[in-house]
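Shown next, in C-alpha cells, is the structure this report addresses.
Remember, it's a predicted structure, so these values are computed and weren't measured experimentally. In what follows, chains are A, B, ... by sequence order, proteins preceding strands, each numbered from 1.
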There are 2 protein chains.
Amino acid sequence: MKIEPIQLIKNNHLKNTAARVAILEFLQKNSEPVDVLEIMNYLKKKDLKTNLTTVYRVLDSFLTVGLVKKLELHEGKYRYELSSLKHHHHLVCQNCGKIEDIENCSLETLEEKITKRSEFLIKHHSLEFYGLCKDCRK
Amino acid sequence: MKIEPIQLIKNNHLKNTAARVAILEFLQKNSEPVDVLEIMNYLKKKDLKTNLTTVYRVLDSFLTVGLVKKLELHEGKYRYELSSLKHHHHLVCQNCGKIEDIENCSLETLEEKITKRSEFLIKHHSLEFYGLCKDCRK
DNA sequence: TTACATGCAAATGTTTTGCAAGGTT
DNA sequence: AACCTTGCAAAACATTTGCATGTAA
C-alpha cells in the first residue's frame with residue numbers, strides 16, 4: 001500500500017537524491033507531523049551528512065509538487081506531513097506538546113456556505129484543537 | 001458599547017501605561033488581526049516613541065489576562081486581535097493577503113464528540129480557510 | 001551536457017532576554 | 001517604597017539567499 005520513496009519521487013518528476021529518499025522515508029515512518037530538526041536528526045543517524053538548508057529545499061520541492069503539507073501548530077516553527085494521509089486535523093496538547101490526529105472532518109458543507117456567501121474561493125482549511133491530552137488532564 | 005482602553009486595563013489589574021492604552025486603541029480600531037509592525041507604525045504616528053520589545057511585552061500581558069488572542073495565518077509571524085470580538089474564523093487570501101472574518105462556527109458539537117472519543121480536553125480551536133478572495137479570483 | 005541539487009557562509013525576519021533606568025500605584 | 005514596565009543592545013531561533021561545486025538524467 002505504501003509507495004516507495006523512489007517511486008514517489010519519479011512520479012513527481014523530481015530528481016532522485018539521497019536526501020529526498022531519506023526524508024520521504026522519515027515522513028512515512030511518522031504518523032505525526034515532523035519539524036526540520038527531527039528530520040536532521042534522522043538524516044544524521046543514517047550517516048547522511050546533510051545540511052539544514054537542503055532539508056528546507058527538499059521540503060520545498062515536495063511542497064511544490066504537493067507531496068507534503070506544511071503545518072503551523074503555534075510553536076513558532078513549521079511542521080510537515082505527507083499529504084497522502086487521509087484528510088485529518090490535529091489535537092495539540094498545550095502541556096506536553098503531543099500531537100494527535102482526528103479524522104472526522106465535516107467542514108465541506110460549511111465551506112460551500114462560505115463560498116456562496118462571500119465569493120471567497122476556498123482552496124483548503126486548517127483546523128486545530130488546543131487543550132490537554134488524556135495524560136496531561138490528570 | 002466599546003469599553004475604554006483605560007477601563008479595560010484597570011479591569012484586568014494591569015498598570016496604566018501609554019503603550020498599553022495606545023495598543024488597545026489600535027486593536028479596537030482594527031476589525032482584522034494586526035501584527036507587531038502595524039502596531040509600531042501606529043505608535044510612531046501618535047508620537048509615542050516606543051520599542052518593539054515593549055510591544056511584544058504589552059501584547060504578552062494582554063495575552064496573560066486574556067484581553068487578546070494570538071493568531072498564526074501561515075505568514076511566518078503572529079497577529080493579534082481583541083478576544084472580546086465575537087467568536088469567528090478567518091478567510092485568508094493567498095494572493096493579496098487580505099483577511100476577512102466569518103462568524104459562523106458550528107464546531108461545538110464536533111468538539112464534544114472529540115472530547116468523548118479521545119478524552120482530550122479542548123480549550124480552544126483555530127480554524128482558517130485559505131484561498132482566493134473575491135477580487136483575486138478574477 | 002544541461003539543468004537541477006547541494007554545502008557552506010552569511011543574511012534576514014521575528015521574537016526573546018538581560019540589565020539598568022523609569023514610571024505607576 | 002515596592003513592584004512593574006520600559007528602552008536599548010544583544011541573543012536566540014527559524015528560515016532564506018548567494019554562490020561555487022556536485023550530480024542525476
When rounded to whole Å, the CG to C1' distance for the pair B:Asn12 and C:dT25 reads 17 Å
Among B:Leu43, B:Val34, B:Asn41, which residue meets the side chain to side chain contact (heavy atoms under 4.5 Å, CB included) test with B:Phe26?
B:Val34
Any donor-acceptor pair under 3.5 Å from A:Tyr78 side chain to A:Val36 backbone:
no
Chain A reaches DNA chain D, atoms under 4.0 Å from its heavy atoms, from D:dA14 to D:dA25
Between P on C:dT16 and CG on B:Leu59, what's the gap in Å once rounded to a whole number?
10 Å
Do the charged groups of A:Arg79 and A:Glu38 touch, with an N to O distance under 4.0 Å?
yes
Determine yes or no for a side-chain-to-main-chain donor-acceptor pair under 3.5 angstrom, with A:Asn12 supplying the side chain and A:Leu14 the backbone.
no
Near DNA chain D, under 4.0 Å by heavy atom, which residues of residues 18-56 of chain B?
B:Ala19, B:Arg20, B:Lys49, B:Thr50, B:Asn51, B:Thr53, B:Thr54
Any donor-acceptor N/O pair, A:Ser84 side chain to A:Leu82 backbone, under 3.5 Å:
no
To the nearest Å, give me how far apart CG (B:Leu63) and C1' (C:dT15) are.
13 Å
Separation between CD of B:Glu4 and CD1 of B:Ile6, rounded to the nearest 0.5 Å:
7.5 Å
With side chain to side chain donor-acceptor pair (under 3.5 Å) as the test, pick out the partner of A:Glu81 among A:Lys70, A:His90, A:Lys69.
A:His90
When rounded to whole Å, the CZ to P distance for the pair B:Arg79 and C:dT14 reads 11 Å
What are the two closest non-hydrogen atoms of A:Asp101 and A:Glu32, and how far apart are they?
OD1-OE1, 2.8 Å
note: A:Arg57, atom CZ; C:dA9, atom C1'; distance rounded to Å ~ 12 Å
When all nucleic acid strands are considered with a 4.0 Å heavy-atom cut-off, which category describes B:Lys15: base, sugar-phosphate, or nothing?
base
Take B:Glu75 and B:Lys10, find for each the nucleotide of DNA chain C with the closest heavy atom, and name the residue whose nucleotide sits nearer the 5' end.
B:Glu75
C:dC4 C1' sits how many Å from A:Asp60 CG, rounded?
14 Å
Donor-acceptor under 3.5 Å (A:Gln28 side chain, A:Ile3 main chain)
yes
